[in-house]
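The chain is numbered in sequence order, starting from 1. Worth knowing before you read on, the calculation uses all heavy atoms, side chains too, and leaves out hydrogens, waters and symmetry mates.
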Amino acid sequence: MFLSRRRSIRLLLTPYLLGALILVALPAGISFFIALTRYNGVSAPEFIGLQNFQFLRTEPLIKVALINSLLFITQAVPLRILGALALALFLNRPRRGTGWVRAAIILPTVIPDVAYALTWTWILNPLYGPLNAALRTLGLPAPPWLANSAWALPALILMSLFPIGEGFILLLAGLRHIPRETLDAARVDGANRWQVFTSVTLPLLSPWLVLLTVRDVILSFQNTFTPAYIMTRGGPYYSTFFSSLLIYEIAFDRMAFGQAAAVLLIVFVVTVLLAVLVYFLFEGWGFDEE
C-alpha cells in the first residue's frame with residue numbers, strides 16, 4: 001500500500017516535472033549557451049566566449065535598468081506583502097460579506113496583464129483619469145503620473161499593489177494552519193493582541209512570508225515588462241526602463257540575442273542573490289518543528 005501511494009505521487013508529479021523541464025530548465029540552459037555566442041536569430045550561433053559580458057561593461061542602459069528594477073522590487077514587494085498580510089488577518093475570521101470581499105481581492109489577479117495595464121493607463125491619465133479627479137475633489141494635488149519622471153515609477157508601484165490575490169490566499173492558508181490552541185494559550189498567559197501577533201502569529205507565519213517574498217522578488221523582474229512597455233515604453237527619461245525592457249530591446253530591436261541572453265544571465269544572478277538575502281534576513285525568525 002505504501003509503495004502504491006508513492007507510485008501514485010510520482011505519477012501525479014510527472015506532468016509537472018516534465019513541464020518544468022521542457023518549459024523552464026531547457027530554455028534556461030539554451031539561454032546560458034546563447035550568452036556565450038554571437039547570434040542574431042538568422043545565422044548559426046558563433047561561440048565568442050565572454051565577449052557579450054565585456055560589451056555589457058560599456059552598455060550605459062544596463063546600469064539604469066538594474067537600478068530601476070531594484071528600486072521597483074525594494075518598494076513594491078514589501079508593500080505587496082504587507083497588503084496581503086493585512087487583508088489575510090482582517091478576513092481570516094468569517095464576517096458578513098467576507099466572501100464578496102475575498103472575490104474582489106482575487107479579481108485583479110486574474111485580469112490579463114495587457115488589459116490591466118490599459119485600464120491603469122486610463123486611471124492614471126492626468127487630465128480625465130478618475131484617480132486625479134478624486135484627488136482634485138478632495139483638494140489634493142493631482143500628479144502628472146506617467147508624464148513625469150518623478151511620478152512614473154511610483155505610478156507603476158501603485159498599480160502593482162492590487163494583484164495580490166495569490167499572496168492573500170497563501171497567507172490566509174498559513175493563518176488557518178496555525179493551531180487555535182497555541183493562540184488561546186498565549187491569551188491565557190496574559191498576552192494582548194499585539195503580543196500574540198508579534199510573538200506567535202508572525203513567527204509561525206514566517207515560512208509562508210519567506211515563500212511569498214522570494215516568489216514576488218522573482219516575478220517582479222518579469223512582471224514589470226508589460227506595464228512598462230504598454231504604459232511608458234520605459235520613459236519618461238528612462239525612469240521606468242527595467243531590465244526586462246532592456247532584454248527585449250537588445251534581442252528584438254538590435255537582433256543581438258547573445259547580448260540579450262548575457263543580460264538575462266546577469267538578472268538571474270541578481271535574482272538569486274536577492275533570494276539568498278531574503279533567506280538570511282528571515283533565518284532564525286520563526287519556529288523549528290523539531
Side-chain angles (χ1 to χ4, degrees), residues 28 31-32 34-35 50-83 113 116-117 120-121 124 126 143-164 167 210 212-254 256-282:
S31 298
F32 294 156
I34 293 177
L50 300 178
Q51 291 186 24
N52 288 327
F53 296 94
Q54 295 174 356
F55 157 78
L56 295 177
R57 294 170 55 185
T58 61
E59 173 59 60
L61 290 179
I62 187 170
K63 182 178 180 181
V64 174
L66 287 176
I67 290 177
N68 286 337
S69 297
L70 291 175
L71 286 175
F72 179 87
I73 290 173
T74 54
Q75 297 177 65
V77 171
L79 291 175
R80 285 170 54 87
I81 302 297
L82 290 175
D113 291 342
Y116 188 72
W120 272 92
T121 303
L124 295 172
W145 297 116
L146 303 177
N148 188 288
S149 59
W151 288 98
L153 183 59
L156 296 188
I157 293 173
L158 175 64
M159 68 170 289
S160 73
L161 301 182
F162 291 89
I164 56 174
V210 173
L212 186 58
T213 303
V214 172
R215 171 193 172 277
D216 265 23
V217 167
I218 295 173
L219 291 182
S220 292
F221 275 107
Q222 308 171 28
N223 294 344
T224 52
F225 174 78
T226 302
Y229 183 79
I230 292 178
M231 300 171 66
T232 63
R233 293 300 176 101
Y237 303 108
Y238 293 99
S239 59
T240 59
F241 192 78
F242 302 112
S243 56
S244 54
L245 277 178
L246 177 61
I247 294 171
Y248 176 85
E249 179 181 299
I250 294 177
F252 297 102
D253 290 348
R254 309 180 193 178
F257 290 96
Q259 296 174 2
V263 178
L264 183 61
L265 183 57
I266 292 175
V267 171
F268 171 77
V269 172
V270 173
T271 304
V272 171
L273 292 176
L274 287 176
V276 172
L277 177 62
V278 170
Y279 171 78
F280 281 110
L281 286 176
F282 281 94

Please report the interatomic distance [atom1]([X]) to [atom2]([Y]), rounded to the nearest 0.5 Å.
| X | Y | atom1 | atom2 | result |
| --- | --- | --- | --- | --- |
| Asn223 | Asp216 | CG | CG | 8.5 Å |
| Leu246 | Leu61 | CG | CG | 6.0 Å |
| Ile266 | Thr271 | CD1 | OG1 | 11.5 Å |
| Gln259 | Gln51 | CD | CD | 10.0 Å |
| Ile157 | Leu79 | CD1 | CG | 7.5 Å |
| Trp145 | Thr232 | CH2 | OG1 | 14.5 Å |

* Just do the side chain to side chain contact (heavy atoms under 4.5 Å, CB included) check on Val263 and Glu59 with the steps written out, would you? => CA-CA 10 Å; Val263 178; Glu59 173 59 60; over 6 Å; no
Determine the minimum heavy-atom distance between [X] and [Y], stating which atoms define it.
| X | Y | result |
| --- | --- | --- |
| Ser239 | Ser149 | CB-O, 3.5 Å |
| Ala260 | Ile250 | N-CG2, 3.6 Å |
| Phe55 | Arg254 | CZ-NH1, 3.8 Å |
| Ala155 | Leu124 | CB-CD1, 3.7 Å |
| Ala117 | Pro227 | CB-CA, 4.1 Å |

* Asked: Is the Tyr248 ring parallel, tilted or perpendicular to the Tyr229 ring (thresholds 30°, 60°)?
  ->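 The rings of Tyr248 and Tyr229 stand perpendicular, inter-plane angle above 60°.
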* **N/O donor-acceptor pair under 3.5 Å between Arg80 side chain and Ser160 backbone** =>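 Judged by distance alone, yes, a pair lies under 3.5 Å.
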With heavy-atom distances below 4.5 Å as the criterion, would you say the side chains of [X] and [Y] are in contact?
| X | Y | answer |
| --- | --- | --- |
| Leu156 | Thr224 | no |
| Phe225 | Ile247 | no |
| Leu146 | Trp151 | no |
| Met231 | Thr240 | no |

* **Pair Leu153-Phe242, side chain to side chain contact (heavy atoms under 4.5 Å, CB included): steps then yes or no** => CA-CA 10 Å; Leu153 183 59; Phe242 302 112; 3.7 Å; yes
* Name the one of Ile218, Leu212, Val217 that satisfies side chain to side chain contact (heavy atoms under 4.5 Å, CB included) with Val214? ->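 Among Ile218, Leu212, Val217, the one meeting side chain to side chain contact (heavy atoms under 4.5 Å, CB included) with Val214 is Ile218.
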Report, one line per pair, each donor and acceptor closer than 3.5 Å where one atom sits in a side chain of residues 63-77; sequence neighbours left out.
from, atom 1, to, atom 2, distance (Å)
Asn68, ND2, Val64, O, 3.3
Asn68, ND2, Tyr238, O, 2.8
Asn68, ND2, Phe241, O, 3.1
Ser69, OG, Ala65, O, 2.9
Ser69, OG, Ser243, N, 3.0
Ser69, OG, Ser243, OG, 3.2
Thr74, OG1, Leu70, O, 2.8
Thr74, OG1, Leu71, O, 3.2
Gln75, NE2, Leu71, O, 3.1

* Asked: What about the rings of Phe268 and Phe32, do their centers lie closer together than 6.0 Å?
  ->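 Yes, ring centres under 6.0 Å apart.
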